[in-house]
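All of these numbers come straight from a predicted model, not from anything done at the bench.
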Amino acid sequence: GQFFFPTVPFGGTYLVVAGRGHNRQPSQPVHLTRPMQRITIRLAPSRDIEGQVLGPDGQPLGAVPVSLSLNHPEAGTSWGPPKLTDRHGRIEFHELSSELDDYEVEVDTRRDYQPVNFPVPRSGEPMVIRLEKGHVLEGRVVDAETGWPIPGVEMYASRTKFVPGERYAYEAEDVTDEEGRFRFSN
């Protein structure tokens, strides 16, 4: 198909990204030096992936949120909202690029289990993602002057120092309840 960008400023250098489903393909750099230029982007054949999410005991986990992202320097993106595993812990994503290796799934239940980022194998081999039990941290948020509980507060925990390749922040299971209580179990 053909495309036309009416609002790209003249004189710059751009990457044009084509996408269908979860398949992305960036162009070579395009230098806009004249009013009309033509390029061709060859979208790679697509592939499907499947996997299964298991608990620490090896049993399938249903209704677990799984997100897909593409961590590519020119075509990176994520898709939302997360898809849920079926009652057998299975998940499928369709129309991924057969040429890009930078796909990753994230499993973050926000309760009971530690979050996992899992690279999608290019081989097409099914993923098996085994979750580990989370650690629990509970507490309360109260008004500094009155000591009364504050409901509805968003909570997150972050590392005191950034560690490359490690997750930086974790979200609580929910906002604080009517008594100002919060709980982390991830």
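His72 NE2 to Tyr103 OH: the interatomic distance, rounded to the nearest 0.5 Å, is 9.5 Å. The structure places CG of Leu100 at 13.5 Å from NE2 of His22, a figure rounded to the nearest 0.5 Å. For the atom pair CG (Asp112) and NE2 (His135), the distance works out to 13.0 Å, reported to the nearest 0.5 Å. How far CZ of Arg183 is from CD of Glu138: 5.0 Å, rounded to the nearest 0.5 Å. Here the straight-line distance linking atom CG of Asp101 with atom CG of Leu96 works out to 11.5 Å at 0.5 Å rounding. Rounding to the nearest 0.5 Å places CD of Glu125 at 12.5 Å from CD1 of Ile49.
Using a 4.5 Å cut-off on side-chain heavy atoms (C-beta onward), Tyr113 and Asn186 make no contact. The side-chain heavy atoms of Val116 and Glu106, taken from C-beta on, include no pair separated by under 4.5 Å. Within the 4.5 Å cutoff, side-chain heavy atoms of Val16 are placed close to those of Ile41. Two residues are said to be in side-chain contact when any heavy atoms from C-beta on lie closer than 4.5 Å; Val105 and Phe93 meet this criterion. A heavy-atom distance below 4.5 Å is found between the side chains of Leu15 and Pro29. Contact check for Leu61 versus Arg87: no side-chain heavy atoms found under the 4.5 Å cut-off. Side-chain contact check for Val53 versus Leu131: some heavy-atom pair is nearer than 4.5 Å. A 4.5 Å side-chain heavy-atom check between Leu70 and Trp79 finds at least one atom pair inside the cut-off.
Taking all atoms of both residues into account, the shortest heavy-atom contact from Ser98 to Pro45 is OG-O, 2.8 Å. Shortest non-hydrogen contact noted between Pro121 and Met127 is CD-CG, 3.6 Å. What you find for His31 and Gln37 is that their closest heavy atoms are O-OE1, 2.9 Å. Summarising the geometry of Gln25 relative to Arg42, their closest heavy-atom pair is CG-O, 3.3 Å, with the distance given to 0.1 Å. Contact between Arg24 and Leu43 at its shortest, heavy atoms only, is C-CD1, 4.3 Å. Summarising the geometry of Leu84 relative to Ala63, their closest heavy-atom pair is CD2-O, 3.9 Å, with the distance given to 0.1 Å.
Checking side-chain atoms of Ser158 against main-chain N and O of Tyr168 turns up no donor-acceptor pair under 3.5 Å. Side-chain N or O atoms of Arg140 include one that pairs as donor or acceptor with a backbone N or O of Glu179 at under 3.5 Å. A donor-acceptor pair under 3.5 Å is absent between the side-chain atoms of Ser69 and the main chain of Asn71, judged by distance alone. Under the 3.5 Å distance criterion, the side-chain polar atoms of Arg47 are matched with a main-chain donor or acceptor of Ser97.
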Step-by-step side-chain contact (heavy atoms from CB on, under 4.5 Å) determination, Tyr170 to Arg159: CA-CA 9 Å; Tyr170 299 84; Arg159 294 180 179 273; 4.1 Å; yes
Derivation and outcome, side-chain contact (heavy atoms from CB on, under 4.5 Å), residues Ile91 and Gln52: CA-CA 6 Å; Ile91 192 79; Gln52 187 177 34; over 6 Å; no
CA sep, side-chain torsions, deciding dist, call: Leu32, Thr13, side-chain contact (heavy atoms from CB on, under 4.5 Å): CA-CA 6 Å; Leu32 293 182; Thr13 302; over 6 Å; no
Residues Phe182, Val141; criterion side-chain contact (heavy atoms from CB on, under 4.5 Å); working and verdict: CA-CA 8 Å; Phe182 63 86; Val141 177; 4.0 Å; yes
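Under a hydrophobic clustering in which Ile, Leu, Val, Met, Phe, Trp and Tyr are joined whenever their side-chain heavy atoms come within less than 4.5 Å, directly or via other members, Val175 and Ile150 fall into different clusters. Grouping the Ile, Leu, Val, Met, Phe, Trp and Tyr side chains by contacts below 4.5 angstrom, directly or via other members, places Leu68 with Phe118.
By the 6.0 Å contact criterion, OH on Tyr156 is open, its count of non-hydrogen atoms from other residues, nucleotides or ligands being 12 or less. Under a cut-off of 6.0 angstrom, the local environment of CD in Glu74 is crowded, with over 12 non-hydrogen atoms contributed by other residues, nucleotides or ligands. Crowding of Glu132 atom CD: a count of heavy atoms from other residues, nucleotides or ligands under 6.0 Å not exceeding 12.
Side-chain contact annotation: Glu173 with Ser185, donor-acceptor N/O pair under 3.5 Å present.
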